[in-house]
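Here is the structure we will look at.
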Amino acid sequence: MRVLVLGAGFGGLELTTRLSDELGDAVEVVLIDKAEGFAFGFSRLDVMFGRLVADAVVHPYRDLVKPGVRFVPTTIRSIDPGQRRVETDAGSFDADVMVVALGADLDPAATPGLVEGGYEFYSMPGALAVRDALAAFDGGQVVVGVTSTPFKCPPAPSEVALLMHDYLTDRGRRDRSEISLVTPLGAPIPPSPGASKALLAAFAERDIRLYPSQLVRELDPARKVARLADGGEIPYDLFLGVPVHQAPAVVQASGLCADGWIPVNPHTLETVFPGVYAVGDVTSVGTPKAGVFAEGQAAVVAAAIIARQAGRKSPVQYDGRGQVYMEFGHHQVGRIDLTFAAGRPPIGTFEAPSADMTGRKAEFVATRIQRWLGHDARHR
């Protein structure tokens, strides 16, 4: 059996690892990604605030050597889900099973004024640009703002606001600065009252102003103001934005999307095309757009492919669970356990931030890089 996996993020790497571990050379897996390496989304915060250099958080795909798996570094030009075929700069590939795990692309230009008057921090180039801007920033009005929904890693804007407080405090610039957070969420973490309460307390303690249930619609770089969806304005000296997210153009052109994203069976991750699955941020499955949910979805798809190879049907269904580590500043990390089960309200439990949880987050990174790419992330 041939399996074609498009995208080597959380979902693609977890899927190929499980298939290789279980089936080895009994299945032919082709994994395609145009990037040179994998980076955890939260590692961009380390780069942005100068805690790590970019080379330390990008894990090269050249380290990926697994039985039955072939990694192809190339750009996908078209996807034919009906034939389970893709055209790429490295040629044409087809398969018995295709899994789309291409994530969500960013479109900063979709928000008027963002490219000219602000910064996005969801890409590595964006994080590096913010790092350089912060080095020259002497204090002032800092606004962290979300420009549209849905967006990846919903806790990230809150994390940036808290880490910005630490950054400015450590450099003696906090007393001449104000930090504001604009978020479309009514509470910082709606499914987890405990996490929301802890974040609101952290914002109050650090004098971070919260604008809930709001979006930034545009920036006026000449006047240095951010315009909100309700018509209000916030002045800024440094604007850090969460840009508009969208499915990659090649996915939108494939016929897989409805209302901008790929709809899937919430229990099996199957699309409407036979033998085609989709996992992670590119879907509208109903979970947050975060890597841990893509990882859980990939496990379900892997079980289905393994069962198919054995001539049976997989009993495994997606449960919508994921664990999210969250930076609270002061070298403290909390953890939120979330469940987004189809047909039921989401729920979440919260473990309070601690230095011990910081170590557990590092272990989370290390174990996955070891499983997926075969090297020790702690010694790069």
Q) When the ring planes of Phe49 and Tyr167 are compared, do they come out parallel, tilted or perpendicular, using 30° and 60° as the limits? A) tilted
(Q) Just verifying a value: how many Å separate Thr147 OG1 and Leu215 CG, rounded to the nearest 0.5 Å? (A) 7.5 Å
Q. Going through the distances and angles, do Gln309 and Glu22 end up as a side chain to side chain contact (heavy atoms under 4.5 Å, CB included)?
A. CA-CA 11 Å; Gln309 179 74 354; Glu22 183 71 21; over 6 Å; no
**Q.** Plane angle bin for His330 and His165 - parallel if under 30°, tilted between 30 and 60°, otherwise perpendicular
**A.** perpendicular
Q) Hey, are Gln214 and Asp230 close enough side-chain-wise for a donor-acceptor pair under 3.5 Å? A) yes
Q: Check the hydrophobic clustering (I, L, V, M, F, W, Y; side-chain heavy atoms under 4.5 Å; chains of links allowed) and say if Val142 and Ile234 are grouped together.
A: no
(Q) With a 4.5 Å cut-off on side-chain heavy atoms, are Asp281 and Trp261 touching? (A) no
Q. Taking the side chain as C-beta and beyond, is there a heavy-atom pair between Val57 and Arg44 under 4.5 Å?
A. no
(Q) Please tell me whether Val97 and Val279 are part of a single hydrophobic cluster in this structure, the criterion being side-chain heavy atoms less than 4.5 Å apart. (A) yes
(Q) To check you understand the geometry: which heavy-atom pair defines the closest contact between Asp25 and Gly68, and what is its length? (A) OD1-N, 2.9 Å
**Q.** More than 12 heavy atoms of other groups within 6.0 Å of Glu28 CD
**A.** no
Q.
Can you tell me how far apart CD (Glu327) and CG (Asp46) are? Round to the nearest 0.5 Å.
A. 6.5 Å
Q.
Counting C-beta onward and ignoring hydrogens, is there a side-chain heavy-atom pair between Asp220 and Arg227 closer than 4.5 Å?
A. yes
Q: Check Pro191 against Leu338 and note the closest heavy-atom contact, atom names and distance.
A: CB-CD2, 3.9 Å
**Q.** Aromatic plane relationship, Tyr61 with Phe71 - under 30° parallel, 30 to 60° tilted, over 60° perpendicular
**A.** tilted
(Q) One pair to check against salt bridge (charged side-chain N to carboxylate O under 4.0 Å, His left out): Arg176 and Asp138. What are the steps and the verdict? (A) CA-CA 9 Å; Arg176 55 181 182 269; Asp138 198 41; 3.0 Å; yes
Q. What distance do Asp166 atom CG and Phe328 atom CZ have between them, rounded to the nearest 0.5 Å?
A. 12.5 Å
Q.
If I take atom CG from residue Leu181 and atom OH from residue Tyr211, how far apart are they, to the nearest 0.5 angstrom?
A. 10.5 Å
Q) When the ring planes of Phe42 and Phe364 are compared, do they come out parallel, tilted or perpendicular, using 30° and 60° as the limits? A) tilted
Q) Is Pro154 close to Ile189 at the side-chain level, that is, under 4.5 Å between some pair of heavy atoms? A) no
(Q) Using a 3.5 Å distance criterion without hydrogens, assess whether the side chain of Ser196 forms a donor-acceptor pair with backbone atoms of Pro193. (A) no
Q) For atom CD of Gln141, is the number of surrounding heavy atoms from other residues, nucleotides or ligands below 6.0 Å larger than 12? A) yes
**Q.** Partner of Met48 by side chain to side chain contact (heavy atoms under 4.5 Å, CB included), out of Leu128, Leu163, Leu240, Asp132
**A.** Leu240
Q: For the pair Arg18 (side chain) and Val301 (backbone), establish whether a donor and an acceptor sit closer than 3.5 Å, ignoring hydrogens and angles.
A: no
Q) Quick one: are Val272 and Pro263 in side-chain contact, heavy atoms under 4.5 Å? A) no
Q.
On a heavy-atom basis, which atom in Gly103 and which in Pro248 lie closest, and how many Å separate them?
A. O-CD, 3.2 Å
Q) Does any non-hydrogen side-chain atom of Ile262 lie less than 4.5 Å from one of Cys257? A) yes
Q. Under a single-linkage definition using a 4.5 Å side-chain heavy-atom cutoff for Ile, Leu, Val, Met, Phe, Trp and Tyr, are Leu31 and Val72 assigned to the same hydrophobic cluster?
A. yes
(Q) Test side chain to side chain contact (heavy atoms under 4.5 Å, CB included) on Asp94 and Gln83; report intermediate values, then the result. (A) CA-CA 7 Å; Asp94 57 21; Gln83 298 298 317; over 6 Å; no
Q.
Testing the basics here: between Pro157 and Val146, what is the closest heavy-atom pair and its distance to 0.1 Å?
A. CG-CG2, 3.8 Å
Q.
Between His331 (side chain only) and Gly329 (backbone N and O only), is there a donor and an acceptor less than 3.5 Å apart?
A. no
Q. Between the side chain of Arg206 and the main-chain N/O of Ala202, is any donor-acceptor distance below 3.5 Å?
A. yes
Q. Does a salt bridge link Asp96 with Arg84, judged by any charged N lying under 4.0 Å from a carboxylate O?
A. no
(Q) Are there over 12 heavy-atom neighbours, none belonging to Glu36, within less than 6.0 Å of that residue's CD? (A) no
Q. Roughly how far apart are Tyr318 OH and Thr268 OG1, rounded to 0.5 Å?
A. 12.5 Å
**Q.** Cluster overlap Val69 with Leu13, hydrophobic side-chain contacts below 4.5 Å
**A.** yes
Q. Do any N or O atoms from the side chain of Ser20 and from the backbone of Thr17 form a donor-acceptor pair under 3.5 angstrom?
A. no
Q) Is there a donor-acceptor pair closer than 3.5 Å between any side-chain N or O of Asp337 and the backbone N or O of Gln323? A) no
Q) Under the 3.5 angstrom rule, does the side chain of Arg131 hit a backbone N or O of Leu134 as a donor-acceptor pair? A) no
Q | Asp33 side-chain N/O to Ala8 backbone N/O, donor-acceptor pair under 3.5 Å | A | yes
Q.
Quick one, Ser177 and Met164 - any side-chain contact, counting heavy atoms below 4.5 Å?
A. no
Q) So Leu15 and Tyr277, side chain to side chain contact (heavy atoms under 4.5 Å, CB included) or not? Walk me through it. A) CA-CA 11 Å; Leu15 175 63; Tyr277 298 81; over 6 Å; no
Q. Charged N to carboxylate O under 4.0 angstrom, Asp89 versus Arg77?
A. yes
Q: For atom CZ of Arg371, decide whether the heavy atoms of other residues, nucleotides or ligands shown that lie under 6.0 angstrom number more than 12.
A: yes
Q.
Can you confirm whether more than 12 heavy atoms, excluding those of Arg2, are under 6.0 Å from its CZ atom?
A. yes
Q) Looking at Arg368 and Glu14, does any basic side-chain N land under 4.0 Å from a carboxylate oxygen? A) no
Q. Do Leu200 and Val324 share a hydrophobic cluster, counting only Ile, Leu, Val, Met, Phe, Trp and Tyr and linking them when any side-chain heavy atoms are less than 4.5 Å apart?
A. yes
Q. Taking atom CZ of Arg85 and atom CD1 of Ile79, what is their separation to the nearest 0.5 Å?
A. 13.5 Å
Q: Go through the steps for Asp319 and Thr339 under the test side chain to side chain contact (heavy atoms under 4.5 Å, CB included), then give the verdict.
A: CA-CA 7 Å; Asp319 60 10; Thr339 301; 5.8 Å; no
Q: With the side chain counted from C-beta on, respond yes when Trp372 and Glu295 share a heavy-atom pair under 4.5 Å apart, and no when they do not.
A: yes
Q. Minimum heavy-atom separation for Met98 to Pro81, with atom names?
A. CE-CA, 3.7 Å
Q: Compute the ring centroids of Phe293 and Phe10, then answer whether they are less than 6.0 Å apart.
A: no
Q. Does Leu114 offer a backbone N or O that forms a donor-acceptor pair with the side chain of Thr111 under 3.5 Å?
A. no
(Q) Would the distance check show the side chain of Tyr122 and the main-chain N or O of Leu106 forming a donor-acceptor pair, the cut-off being under 3.5 Å? (A) no
Q.
Give me the atom names and distance for the closest heavy-atom approach of Arg308 to Gly275.
A. NH1-CA, 4.5 Å
